[in-house]
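What follows is a single structure, written as C-alpha cells, with notes after it.
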Amino acid sequence: MNLPVALTCGEPAGVAIELAAKAWQQLRHENPFFLIADIGHVETHRLSAPIARIGSPAECKVAARQGLPVLHLEFPCPTEPGRPNPANSGRVVDAIRLAVNFAKSGEASAICTGPLNKIVFSLAGLQDFVGHTEFIAALCGVDHLPVMMLASRRLRVVPATVHVPLRNVPSLLSHRRLKRVIRTSFDALQTDFGIGSPRIAVSGLNPHAGEGGLLGREEREVIAPVIKEMVREGMNVSGPHSADTMFHAARIAEYDAAICMYHDQALIPIKTLDFHETVNVTLGLPIVRTSPDHGTALDLAGTGRARPDSLVAAIQLAKHMAARRNFAR
C-alpha cells in the first residue's frame, strides 16, 4: 500500500495550505500525500517548506522527498490568507471531485479534505449539499447518508444526529436511523480499525437515560429496543447509558466507540479529552475519507500559528484505514 493520500485544499484563504506544508515536514518519510491546489495560492501563503509540483498521483512518492507535492488545479482568482473569494467556490468543489476520482480509480489510497465554509456548495450551484459528507456520498453513488465518527487516540464517538437543532433530535431518532448508525459503526470498527469484536456503548437522550421514563421515553421506546435487536444479531452493544457517566477514563476503557444521540453529546467529551488530534472520519463510504476536526481558521491564516496536529492525525488515520481495507480484501 504505497499509494498516496489525496489532500484537498479546502478554503484556499484558510489554514489548510500552510498546514499541509507543516504536515509534509512530519510525514514525508512515512506517509506520502499530495495537495490538490492552485500553485499560485500555495505560493501566496509563503510556506517554509519547498514545493514539488506533480502531474499525477504516481509522482507523489518521489516528489515528497524534495518538497510538498502539489497537483496543480487552476482557480479563477488569486487568494489572500484570511480573505475568501466567493469566485473560487466552484474550484474548491472541483478539488473534492478530483480527489474522490483518484480514490475511486485506485490512484490514491484515500482522501483527506481540507476545511471549508459550507456556503461554497451553494455558491458553486450545489444547493442540495450542505457539506463534504453529502457531496462525497453522492460522488460515490451512496444513496444513504454516511455516518460521522470523531476519532482520537483516547476515544471514538459517533453522533446519531449531527447538524440539526436540538429541538428536532427526538423526532429524528427513529429505529431505522439508530440501527443504521450502530451497524455502520460496528462494520467500520472491524474493517477500518481492525477490531475483531467491537464493543459499542450507546448513550441515552435524556438526563440519567430517562430515569425509567420519568425524564423522557425515548430510551424505552426507541433506544433500548434497538440495542436489544443489535445484541440478538450478535453485536456487543450496551446501553442506554447516562451520558454524564460515559466519558471518564474507566468507562472509556470498556468500549471501542460511543454512539451518542446528538452533536454536542458526542463532540464535547472528545474535544475536551483530545482537542488538537481529533479526526473527522466518514463511515459507510466505498472510499476512505478523513478530515481534520477544525474549521478554516481564517483568523490564523498567514500567521504561522495554526497547529497541524489534527491534519497529521487525519492523514495517518486515512493511510491506516486504507491499509486495513486492503488487508481485508
### Query
CZ of Phe102 to CG of Leu71: how many Å apart, nearest 0.5 Å?
5.0 Å
#### Entry: Contacts of type side-chain hydrogen bond (donor to acceptor under 3.5 Å, both in side chains), residue Glu233, not counting sequence neighbours
Arg183
#### Entry: Candidate list Arg325, Arg324, Arg289, Lys319, test salt bridge (Lys or Arg N to Asp or Glu O under 4.0 Å), partner Asp192, passing option
Arg325
### Task
Enter the distance from Ser185:OG to Gln190:CD here, rounded to the nearest 0.5 Å.
12.0 Å
### Query
Would you say the side chain of Pro240 lies within less than 4.5 Å of the side chain of Ile227, judging by non-hydrogen atoms?
yes
#### Entry: Hydrophobic cluster membership, Leu155 vs Met261, 4.5 Å side-chain cutoff
no
### Query
Got a sec, which pairs hit side-chain hydrogen bond (donor to acceptor under 3.5 Å, both in side chains) with one end in residues 28-41, sequence neighbours left out?
none
### For Ser291 against Val279, the heavy-atom pair lying closest together
O-CG1, 3.6 Å
### Task
Please check if atom CD1 in Ile119 has more than 12 non-hydrogen atoms from other residues, nucleotides or ligands closer than 6.0 Å.
no
### Query
Does Arg154 CZ have over 12 foreign heavy atoms under 6.0 Å away?
no
### Task
Begin with the C-alpha distance, continue with both residues' side-chain angles, and end with the deciding distance and a verdict on side-chain contact (heavy atoms from CB on, under 4.5 Å) for Lys271 and Asp293.
CA-CA 9 Å; Lys271 289 191 175 185; Asp293 189 41; 2.8 Å; yes
### Summary
Hits for side chain to side chain contact (heavy atoms under 4.5 Å, CB included) against Ala151, two or more places apart or cross-chain, chain-then-number order -> Met149, Arg156, Val281, Leu317
### Query
Is Gln66 close to Pro50 at the side-chain level, that is, under 4.5 Å between some pair of heavy atoms?
no
### Task
For residues Pro225 and Lys228, determine if any side-chain heavy atom of one lies less than 4.5 Å from a side-chain heavy atom of the other.
no
### Summary
Nearest heavy-atom approach of Leu205 to Pro170 is CD2-CG, 4.1 Å
### Task
Step through the shown structure and confirm whether more than 12 heavy atoms of other residues, nucleotides or ligands are within 6.0 Å of NZ on Lys61.
no
### Query
Using a side-chain heavy atom cutoff under 4.5 Å and only I, L, V, M, F, W and Y, what cluster partners does Leu27 have?
Val5, Leu7, Val15, Ile17, Leu19, Trp24, Phe33, Leu35, Ile39, Val42, Leu47, Ile51, Leu68, Val70, Leu300, Leu311, Val312, Ile315
### Summary
Shortest non-hydrogen pair, Asn168 vs Ser171, comes out as O-OG, 2.9 Å
### Summary
In this structure, CZ of Phe129 is separated from CG of Leu139 (nearest 0.5 Å) by 7.0 Å
### Query
Do you know which two heavy atoms are closest between Ser203 and Met246, and how far apart they sit?
CB-SD, 3.4 Å
### Message
Please evaluate residues Val181 and Ile259 with respect to the criterion side-chain contact (heavy atoms from CB on, under 4.5 Å), reporting the C-alpha separation (whole Å), side-chain torsions for both, the decisive distance (0.1 Å), and the verdict.
### Response
CA-CA 8 Å; Val181 169; Ile259 309 294; 4.0 Å; yes
### Query
How far does CD1 of Ile54 sit from CZ of Phe34, to the nearest 0.5 angstrom?
5.5 Å
### Task
Provide the closest heavy-atom pair for Leu283 versus Ala188 in the form atom of the first, atom of the second, distance.
CD2-CB, 3.7 Å
### Query
Crowded around Arg97 CZ? As in, over 12 foreign heavy atoms under 6.0 Å?
yes
### Query
How long is the span from the OG atom in Ser197 to the CG atom in Asn236, to the nearest 0.5 Å?
8.0 Å
### Query
Who passes side chain to side chain contact (heavy atoms under 4.5 Å, CB included) against Ala87, sequence neighbours left out?
Cys77, Asn85
### Residue pairs, two or more places apart or on separate chains, that pass side-chain hydrogen bond (donor to acceptor under 3.5 Å, both in side chains) and touch residues 249-264
Arg199-Asp256, His241-Arg251, Arg251-Glu254
### Transitive ILVMFWY side-chain link Leu98 to Phe135, under 4.5 Å
yes
### Task
Over all heavy atoms of both residues, which pair between Gly114 and Ala16 is shortest? Give the atoms and the distance, please.
CA-CB, 4.3 Å
### Query
Hey, what do you get for NE2 (His208) to CG (Leu214), rounding to the nearest 0.5 Å?
10.0 Å
